[in-house]
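These notes are about the structure you will find just below.
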Amino acid sequence: MDTFPNAYFGFDGNITYPKAQSLRDAFVSVPLEKILLETDAPYLAPQGLRGTINTPSSMKTIYAYTAELR
């Protein structure tokens, strides 16, 4: 990660998608202090909410999912 010392890495609802293993692999390799969780609202709702309009309230789902990954 020293290649980009000022970079941050954003992860949103699509990290919960079944076919998003590459995103999950990237997520666990990024230092915690470089991670930003975001909704990308109104798009990319988490797996349990797919097909709906994504809202900031879905952050609880994204946070819980990513906490389990770490």
Side-chain angles (χ1 to χ4, degrees):
M1 289 295 139
D2 292 342
T3 306
F4 303 102
N6 298 318
Y8 289 86
F9 301 86
F11 297 90
D12 45 46
N14 62 345
I15 198 169
T16 66
Y17 298 177
K19 294 182 180 181
Q21 187 59 48
S22 61
L23 284 176
R24 290 186 285 277
D25 293 343
F27 178 80
V28 298
S29 71
V30 173
L32 285 174
E33 66 273 9
K34 295 293 185 173
I35 291 175
L36 298 171
L37 296 179
E38 45 193 4
T39 63
D40 200 29
Y43 308 106
L44 299 175
Q47 182 62 29
L49 302 171
R50 284 182 85 173
T52 65
I53 294 175
N54 195 11
T55 65
S57 66
S58 67
M59 280 303 300
K60 293 182 283 185
T61 303
I62 297 166
Y63 180 82
Y65 186 89
T66 54
E68 288 293 319
L69 289 177
R70 294 304 282 236

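Just so it is clear, the structure is predicted and the values come from calculations on it, not from any experiment. Just so it is clear, the values below take in all heavy atoms, side chains as well, and ignore hydrogens, waters and symmetry mates.
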Mind checking side-chain hydrogen bond (donor to acceptor under 3.5 Å, both in side chains) for [X] and listing every partner two or more places apart, or none if nothing turns up?
{"X": "T55", "answer": "S57"}
{"X": "E38", "answer": "none"}
{"X": "E33", "answer": "none"}
{"X": "T61", "answer": "none"}

*Assess whether atom CD of E68 is packed by more than 12 heavy atoms of other residues, nucleotides or ligands within 6.0 Å.*
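Not buried by this count: 12 neighbours or fewer within 6.0 Å.
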*Main-chain N/O of N54 paired to S58 side chain as donor or acceptor, under 3.5 Å*: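 Not confirmed, S58 side chain does not pair with N54 backbone.
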*Counting distance only, does the side-chain N/O of R50 pair as donor-acceptor with the main-chain N or O of L44 below 3.5 Å?*
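Such a contact is absent between R50 side chain and L44 backbone.
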Linking I/L/V/M/F/W/Y whenever any side-chain heavy atoms sit under 4.5 Å apart, do [X] and [Y] land together?
{"X": "L37", "Y": "L49", "result": "no"}
{"X": "I15", "Y": "Y17", "result": "no"}
{"X": "L69", "Y": "L32", "result": "yes"}
{"X": "L23", "Y": "V28", "result": "yes"}

_Side chains of Y65 and Y63, heavy atoms from C-beta outward: is any pair under 4.5 Å?_
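Heavy-atom side-chain distance check fails, nothing below 4.5 Å.
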*Flag side-chain contact, heavy atom, 4.5 Å: T66 against F27*: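 Result yes, sub-4.5 Å side-chain heavy-atom pair found.
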*Is it true that the NZ or CZ of K34 lies under 6.0 Å from the centre of F9's six-membered ring and within 45 degrees of the ring axis?*
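The answer is no, since K34 fails at least one limit relative to F9.
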_Test question: given the 4.5 Å side-chain rule for I, L, V, M, F, W and Y, name all other residues clustered with I53, or answer none._
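Members alongside I53: none; it stands by itself.
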*Applying side chain to side chain contact (heavy atoms under 4.5 Å, CB included), name anything that partners Y43, two or more places apart in sequence or on another chain.*
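Partners of Y43 by the side chain to side chain contact (heavy atoms under 4.5 Å, CB included) criterion, ordered by chain and then number, come out as D40.
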*Mind listing the closest non-hydrogen atom pair of I62 and P46 along with its distance?*
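What the structure gives for the nearest pair is CG1-CG, 3.8 Å.
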*Check the pair I35 / F11 against side-chain contact (heavy atoms from CB on, under 4.5 Å), numbers first and verdict last.*
CA-CA 7 Å; I35 291 175; F11 297 90; 4.1 Å; yes
